[in-house]
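Structure, as structure tokens:
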Amino acid sequence: MSILSILTKMTLPTSLLLLAGCQMTDLAENPLGTLKSSSAATKNDESNGAIKETLANILSLKDVVAEATPKINVDASFSKTISAAVKSDPKVQMAKSEVLRQQAKLGVTKSQLDFQFSGTVYAGIEDVTDETSGIAAVLSASRVMYDGGQISNTVLSEEYAVQSALEAYHASLGERALYVGTAWVELERYRSLNALISGRLAVLNPLIKQLEQIADAGVGDATQVAAAERTVAMIRVTQTDIEERLAQAELQFVRLFGSLPNNVTFDAASVSNAVPSKVNDSMAMSAPGLLANYASYLSSLYGLEVAKLRNNMTVGFETKVQRPFGQSGYDSDESVGFVVRKTLYDGGRLASEVLTAQAAVDRQKGVLKDVYRSGRQAVETGMQSISSMEKAIAMAKENAQALSDEIALLRKQLVIGQSTLDSVLSAEARLYDAEAKEINFTADKRTSQLTVLSAIGRLSAVVGIKAENEFK
């Protein structure tokens, strides 16, 4: 093997990788670069406005990604902020596009029930030997008169598909409202915890300085000093952990909303008032996610009927008019009548299509049952959690009040030497723990309330999201 061939084999893969990298960079910066050949082919075709409009509307990858970051006025109001964050979410926009796609698909199917007109013009040399040339125009029209119900059942199937997409869109609004609402709850949870521990340390700073002075001087009970130092260290570790969690909550909030709120807070009253005291079967069965899957089940049923009717005889009305012009050798021709069609043998294709459609129905029934079961479980778990959190909040408040009274007494005893720094610091740490539990229990309660409202399909309305007239 020659040295040249070895170098060629070594260089070729590297060149391909470099070329691919250049092409990917060019695609990210200039998406029209991949269309240069087609653009050159149509460059002189001034009448091709549709292609030019398409090319003009192409966004670069950088521009598309830039739109992924929301720009929301988070200090407008709670409902406006939540609504804007939900409607700008890519998953919600995809669900909305699916509704429009299904509506357009339904329109295409319904058009098959009307007359179909088409025209063809032939121009050129018809016979080179006889030097015959001319123009001929052909107009044809057709309409399905009878197909055993295939088109009508297809229309019903696609109407339910539209309904399924619409309910799925409403479900996506509730799901994303739960997601962004939970992010807001988490932000306020860690803001409150951070403020609480910062305030507690501000109160404890004089005691901590006194403890440090005693430790430096080497006076006092070494055991008590060491215990107090461990308590202070534990409080500071907790503060560091909360600061980290707050930073994460802020990053998540900015990712969803674009910036942090300054004046607007989570509307806990509206959310709490909207939660029903008891969830019955009718509430659970009105959830958009469940309705979407039920509509899909009905769509698959009509799809099964279409598959069964596909081997039926079809009768269509067809007419054709042919007219020659100039020296055309074509003859005039008019035909009108009915056309009957039926497949006599398909090699088992129809039977396979029916089995496929039946499997789709069976699968959709299983999905429907699973969605209902999951929804009921989410509602029941959420309602139980709300009840438990309310009891826990009350207990945390009572515990915090008892600890406040104990700390007041310990501070008085510290002045006269009847208590120690470790006792006061330990009591302060327990008070923080009780107050922090109240904050955590409250946040957990709000998350459960959001979950219940989302599961029964009421959350989007509660937070001010309106989507009734978007598809009319």
>> Could you check whether any side-chain heavy atom of D241 comes within less than 4.5 Å of a side-chain heavy atom of R245, counting everything from C-beta outward?
In response: yes
>> Rounded at 0.5 Å granularity, tell me how far CE in M283 sits from CZ in R376.
In response: 10.5 Å
>> Using only atom types and a distance under 3.5 Å, with no angle test, would you say the side chain of N440 pairs donor to acceptor with the backbone of A436?
In response: yes
>> Rounded to the nearest 0.5 Å, what separates atom OG in S152 from atom CD in Q112?
In response: 11.5 Å
>> salt bridge (Lys or Arg N to Asp or Glu O under 4.0 Å) for R446 and E188? Distances and angles first, verdict last.
In response: CA-CA 11 Å; R446 291 175 180 175; E188 293 199 351; 3.6 Å; yes
> Taking C-beta and beyond as the side chain, do D444 and R189 meet within less than 4.5 Å on heavy atoms?
Replying inline: yes
> Which one of V92, V86, D89 satisfies the side chain to side chain contact (heavy atoms under 4.5 Å, CB included) criterion with S172?
Replying inline: V92
>> Using the rule given for side chain to side chain contact (heavy atoms under 4.5 Å, CB included), can you reason through L106 versus Y160, listing the C-alpha separation, both sets of side-chain angles and the distance that settles it, and then say yes or no?
In response: CA-CA 10 Å; L106 174 61; Y160 281 115; over 6 Å; no
> Ignoring hydrogens and geometry, is there a side-chain-to-backbone donor-acceptor pair from S454 to L450 under 3.5 Å?
Replying inline: no
>> Please check this pair: side chain of S164 against backbone of N293, looking for a donor-acceptor N/O pair closer than 3.5 Å.
In response: no
> Could you state the interatomic distance from OG (S387) to NZ (K445), rounded to the nearest 0.5 Å?
Replying inline: 10.0 Å
> Can you tell me how far the NZ atom of K96 sits from the CG atom of L173, to the nearest 0.5 Å?
Replying inline: 9.5 Å
>> Testing the basics here: between L178 and T447, what is the closest heavy-atom pair and its distance to 0.1 Å?
In response: CD1-O, 4.5 Å
> Under 4.5 Å between any side-chain heavy atoms of E186 and Q252, yes or no?
Replying inline: no
>> Please check if the number of heavy atoms outside F441 that lie under 6.0 Å from its CZ is greater than 12.
In response: yes
> Parallel, tilted or perpendicular for F78 and F266, by the 30°/60° rule?
Replying inline: perpendicular
> So, T154 side chain and Q150 main chain: donor-acceptor pair closer than 3.5 Å or not?
Replying inline: yes
> Looking at M285 and L291, what are the two nearest heavy atoms and their distance?
Replying inline: O-CD2, 3.5 Å
> In this structure, are over 12 heavy atoms from other groups packed under 6.0 Å from K342 atom NZ?
Replying inline: yes
>> Quick check: closest heavy atoms across P288 and G457, and the distance to 0.1 Å?
In response: CD-CA, 3.4 Å
>> Strictly distance-based, threshold 3.5 Å: is any side-chain N or O of S299 a donor or acceptor partner for the main-chain N or O of A295?
In response: no
> Can you name the nearest heavy-atom pair linking G174 to S460, along with the distance?
Replying inline: N-CB, 4.4 Å
> Is the closest side-chain heavy-atom distance between F117 and T319 below 4.5 Å?
Replying inline: no
> Got M389 and T442 here, is their nearest side-chain heavy-atom distance under 4.5 Å?
Replying inline: no
> Looking only at heavy atoms, what is the nearest atom pair of V462 and S270, with distance?
Replying inline: CG1-O, 4.0 Å
>> Give me the atom names and distance for the closest heavy-atom approach of V180 to A85.
In response: CG1-CB, 4.4 Å
>> What verdict does the side chain to side chain contact (heavy atoms under 4.5 Å, CB included) test give for K437 and N399, after you've listed the backbone C-alpha separation in whole Å, the side-chain angles of each residue and the deciding distance to 0.1 Å?
In response: CA-CA 10 Å; K437 283 182 178 179; N399 192 21; over 6 Å; no
>> Just to verify, which of T356, V361, L355 counts as forming a side chain to side chain contact (heavy atoms under 4.5 Å, CB included) with L304?
In response: V361
> Is any side-chain heavy atom of Y297 less than 4.5 Å from a side-chain heavy atom of K365?
Replying inline: yes
> Going by atom types alone, do Q364 and S300 pair a side-chain donor with an acceptor below 3.5 Å?
Replying inline: no
> So, do L256 and Y179 sit near enough that their side-chain heavy atoms are less than 4.5 Å apart?
Replying inline: yes
>> Using a 6.0 Å distance limit plus a 45 degree cone around the ring axis, check whether R143 lies over the aromatic ring of F317.
In response: no
>> Within this structure, what is the CD1-CD distance for the pair I439 and E435, rounded to the nearest 0.5 Å?
In response: 7.5 Å
> Does the T381 side chain pair with the main chain of Q377, one donor and one acceptor, at a distance under 3.5 Å?
Replying inline: yes
> For D75, does its backbone N or O pair with a side-chain atom of N263 as donor and acceptor, under 3.5 Å?
Replying inline: no
> Can you tell me how far CD of Q163 sits from CD of Q102, rounded to the nearest 0.5 angstrom?
Replying inline: 12.0 Å
>> side chain to side chain contact (heavy atoms under 4.5 Å, CB included), that's the test. Do N312 and D147 meet it? Break it down for me.
In response: CA-CA 7 Å; N312 281 5; D147 65 352; over 6 Å; no
>> For a quick check under 3.5 Å, do S140 and S118 share a side-chain donor-acceptor pair by atom type?
In response: yes
> When you look at V264 and V74, which way does the side chain to side chain contact (heavy atoms under 4.5 Å, CB included) test go after all the steps?
Replying inline: CA-CA 7 Å; V264 179; V74 293; over 6 Å; no
> Taking the side chain as C-beta and beyond, is there a heavy-atom pair between P261 and T81 under 4.5 Å?
Replying inline: no
> Should the heavy atoms of other residues, nucleotides or ligands under 6.0 Å from NZ of K87 be counted, would the total exceed 12?
Replying inline: yes
> When you measure from the side chain of S83 to the backbone N and O of S79, does any donor-acceptor pair fall under 3.5 Å?
Replying inline: no
